[in-house]
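Read through the structure below, which is laid out as structure tokens, and then see the notes.
Since the model is a prediction, treat every value here as computed from it, not as a measurement.
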Amino acid sequence: MLGSLIKLKVLCVAALLPATLLANELHKVEVTDSNNYQSIMPVAAQEASFKQDPALVAYVFERAKFANVTEPQLFIEVMDWVASQWQHDGLNEAPKGMSSLDILKAVHQQGERYRCVEYGKVMADILSAMGHHSRQIGLQSSDVAYGGWGKGHVATEV
């Protein structure tokens, strides 16, 4: 293992789950051990992880009407808003290097539809731009290498 494990308190929220399902079932999760090397992040790296993107925040707040609430309700409202922006299309990958702002503009102006990867990216970037530590996380079944649908998913960790 990597020396002594750091205890991290995280709130994991899947980007496609409706907020109504999570509202009464939201629990904090304490990670005490992991084989995910990304879960053990030095504090200095965490503090530098915010992505300042005023254009993304302005674009989102022109369209979203988030209540003046605190976390975790804010996380649920952001997740619900992102999940409602387009229908899931598991085959349509956003072009490499496309920003979350570009994804939202393509959805709103051209009717594009994207995968769970893009839901996770947009949600993580919005929350990061709002000052919260967030990232996309990949979830895979133990037999992901054998192909087929439903072997993996992307969510947002905040």
Within-4.5 Å side-chain heavy-atom neighbours: [X] and [Y]:
X: Val154; Y: Ile137; answer: no
X: Asp89; Y: Tyr114; answer: no
X: Val69; Y: Glu77; answer: yes

> Just checking, any donor-acceptor pair under 3.5 angstrom between side chains of Ser128 and Asp125?
Replying inline: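 No, because no side-chain N or O of Ser128 sits under 3.5 Å from a partner of the opposite role on Asp125.
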When rounded to the nearest 0.5 angstrom, what distance separates [atom1] in [X] from [atom2] in [Y]?
X: Leu127; Y: Leu74; atom1: CG; atom2: CG; answer: 6.5 Å
X: Met79; Y: Thr156; atom1: CE; atom2: OG1; answer: 9.5 Å
X: Met123; Y: Cys116; atom1: CE; atom2: SG; answer: 13.5 Å
X: Leu104; Y: Met98; atom1: CG; atom2: CE; answer: 9.5 Å
X: Ile76; Y: Gln73; atom1: CD1; atom2: CD; answer: 5.0 Å
X: Tyr119; Y: Ser100; atom1: OH; atom2: OG; answer: 13.5 Å

Enumerate, atom names and distances included, each donor-acceptor pair closer than 3.5 Å involving a side-chain atom of residues 55-63, sequence neighbours excluded.
| residue | atom | partner | partner atom | Å |
| --- | --- | --- | --- | --- |
| Tyr59 | OH | Arg63 | NE | 3.4 |
| Tyr59 | OH | His108 | ND1 | 2.8 |
| Arg63 | NH1 | Tyr59 | O | 3.1 |

Tell me whether [X] contacts the main-chain N or O of [Y] through its side chain, where contact means a donor paired with an acceptor under 3.5 Å.
X: Trp86; Y: Gly111; answer: no
X: Asn92; Y: Arg113; answer: yes
X: Ser134; Y: Ala124; answer: yes

Quiz item: Within a reach of under 6.0 Å around CD of Gln87, are more than 12 heavy atoms found that belong to other residues, nucleotides or ligands?
Solution: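 Atom CD in Gln87 is not crowded, with 12 or fewer foreign heavy atoms closer than 6.0 Å.
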Full working for side chain to side chain contact (heavy atoms under 4.5 Å, CB included) between Val158 and His133
CA-CA 6 Å; Val158 59; His133 295 289; over 6 Å; no
* His132 and Phe75: aromatic ring centres closer than 6.0 Å? ->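 Ring centres of Phe75 and His132 closer than 6.0 Å.
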Exercise. With sequence neighbours excluded, tell me which residues meet side-chain contact (heavy atoms from CB on, under 4.5 Å) with Glu93.
Key: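 Per chain and number, Glu93 pairs via side-chain contact (heavy atoms from CB on, under 4.5 Å) with Arg115, Glu118.
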